[in-house]
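Have a look at the structure below, then the notes.
All figures in this text were calculated on a predicted structure; none of them were measured in a lab. As a basis for the values below, the full set of heavy atoms in this structure was taken, side chains included, without hydrogen atoms, waters or symmetry mates.
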Amino acid sequence: MGTFVITKRLNGYYKYEFTSRKGKAILVSNDFELRFECEDAIESLKKSVEAIFFMRFKSKNGKMYFKVIVNEKEIAVSRKYTTQFLMEKGISEVTRTLHLSEVLDFSLPHDVFPPAEDIFG
């Protein structure tokens, strides 16, 4: 099952990535000024799986990618794929698992590890 991962960019804006069960990014959202806007966009996308349109593209260097369109608005862009088959597999993963996906928020400044001074003295 895929996962939405919310992070904060260096420019201060928020984004989400939809990752595969193996942890590889499938698509990346547009920027959001506020975190709750990002969370709302995820919930909206999960509810509108049937309305998603996938626009397929080929880059100048021959790699394939797709854009996620909902209600004539671009929501996210996929990573680049080397083959059409892998791109279609990515689209399939999105349509199958999007509505069941959990959300992980790594945008908050919580440290996972204690300060080095506490460990090493």
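In terms of modelled atom types and a separation under 3.5 Å, the side chain of Lys46 and the main chain of Leu100 share no donor-acceptor contact. Between the Thr83 side chain and the Leu86 main chain, a donor and an acceptor come within less than 3.5 Å of each other. With Ser78 contributing its side chain and Tyr65 its backbone, the two residues share no donor-acceptor pair below 3.5 Å. Within the 3.5 Å criterion, the main-chain N or O of Asp40 finds no donor-acceptor partner in the side chain of Ser44. Panel note: side chain Ser20, backbone Gly2; no donor-acceptor pair is recorded below 3.5 Å. A distance-only check finds no donor-acceptor pair linking the side chain of Asp105 to the backbone of Val5 [under 3.5 Å].
Across Phe66 and Val68, no two heavy atoms sit closer than the pair CE1-CG2, 4.0 Å. Considering every non-hydrogen atom in both Thr19 and Ala25, the closest pair reads CG2-CA, 3.9 Å. Minimum heavy-atom separation, Val49 to Thr95: CG1-O, 4.0 Å. The two residues Gly90 and Ile26 make their nearest non-hydrogen contact at O-CG2, 4.0 Å.
No path of Ile, Leu, Val, Met, Phe, Trp and Tyr side chains, each step under 4.5 Å between heavy atoms, connects Tyr14 with Val28, placing them in separate hydrophobic clusters. In this structure, Phe18 is a member of the same hydrophobic cluster as Val70, with clusters built from ILVMFWY side-chain heavy atoms closer than 4.5 Å. Taken together through direct or relayed side-chain contacts under 4.5 Å among Ile, Leu, Val, Met, Phe, Trp and Tyr, Ile75 and Met87 form part of one hydrophobic cluster. Residue Leu45 is not grouped with residue Phe53 when hydrophobic side chains (ILVMFWY) are merged at heavy-atom distances under 4.5 angstrom, including chains of intermediate members. Linking Ile, Leu, Val, Met, Phe, Trp and Tyr whenever their side-chain heavy atoms come within less than 4.5 Å puts Ile91 and Phe85 in one cluster.
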Could you give the side-chain donor-acceptor pairs of residues 55-62 under 3.5 Å, partners two or more places apart or in another chain?
residue: Arg56; atom: NE; partner: Glu88; partner atom: OE2; Å: 2.7
residue: Arg56; atom: NH1; partner: Phe54; partner atom: O; Å: 3.2
residue: Arg56; atom: NH2; partner: Glu88; partner atom: OE1; Å: 3.1
residue: Ser59; atom: OG; partner: Asn61; partner atom: OD1; Å: 2.4
residue: Ser59; atom: OG; partner: Lys63; partner atom: N; Å: 3.2
residue: Ser59; atom: OG; partner: Lys63; partner atom: O; Å: 3.1
residue: Asn61; atom: OD1; partner: Lys63; partner atom: N; Å: 3.3

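Arg9 CZ: more than 12 foreign heavy atoms inside a 6.0 Å radius. Shown here is Lys24, whose NZ atom has no more than 12 heavy atoms of other residues, nucleotides or ligands within 6.0 Å.
For the atom pair Ile69 CD1 and Glu74 CD, the distance stands at 5.5 Å (nearest 0.5 Å). Put simply, CD on Glu93 and OG on Ser101 are 8.0 Å apart, with the number rounded to the nearest 0.5 Å. The CD atom of Glu102 sits 11.0 Å away from the OG1 atom of Thr97 when rounded to the nearest 0.5 Å. The structure places CZ of Arg79 at 12.5 Å from CE of Met64, a figure rounded to the nearest 0.5 Å.
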Stepwise side-chain contact (heavy atoms from CB on, under 4.5 Å) check, Cys38 with Ile6: CA-CA 8 Å; Cys38 189; Ile6 299 173; 4.1 Å; yes

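Exactly one residue among Glu33, Glu39, Glu37 makes a salt bridge (charged side-chain N to carboxylate O under 4.0 Å, His left out) with Arg35. That residue is Glu39.
Ring geometry, Phe4 versus Tyr16: the interplanar angle exceeds 60°, so the pair is classed perpendicular (tilted spans 30 to 60°).
A salt bridge links Lys15 with Glu17: the distance from a Lys NZ or Arg NE/NH1/NH2 to an Asp or Glu carboxylate oxygen falls below 4.0 Å. A salt bridge does not link Lys47 to Glu43: none of the charged side-chain nitrogens sits closer than 4.0 Å to a carboxylate oxygen.
Listed by chain and number, the hydrophobic cluster partners of Tyr13 come to none, as no ILVMFWY side chain reaches under 4.5 Å of it.
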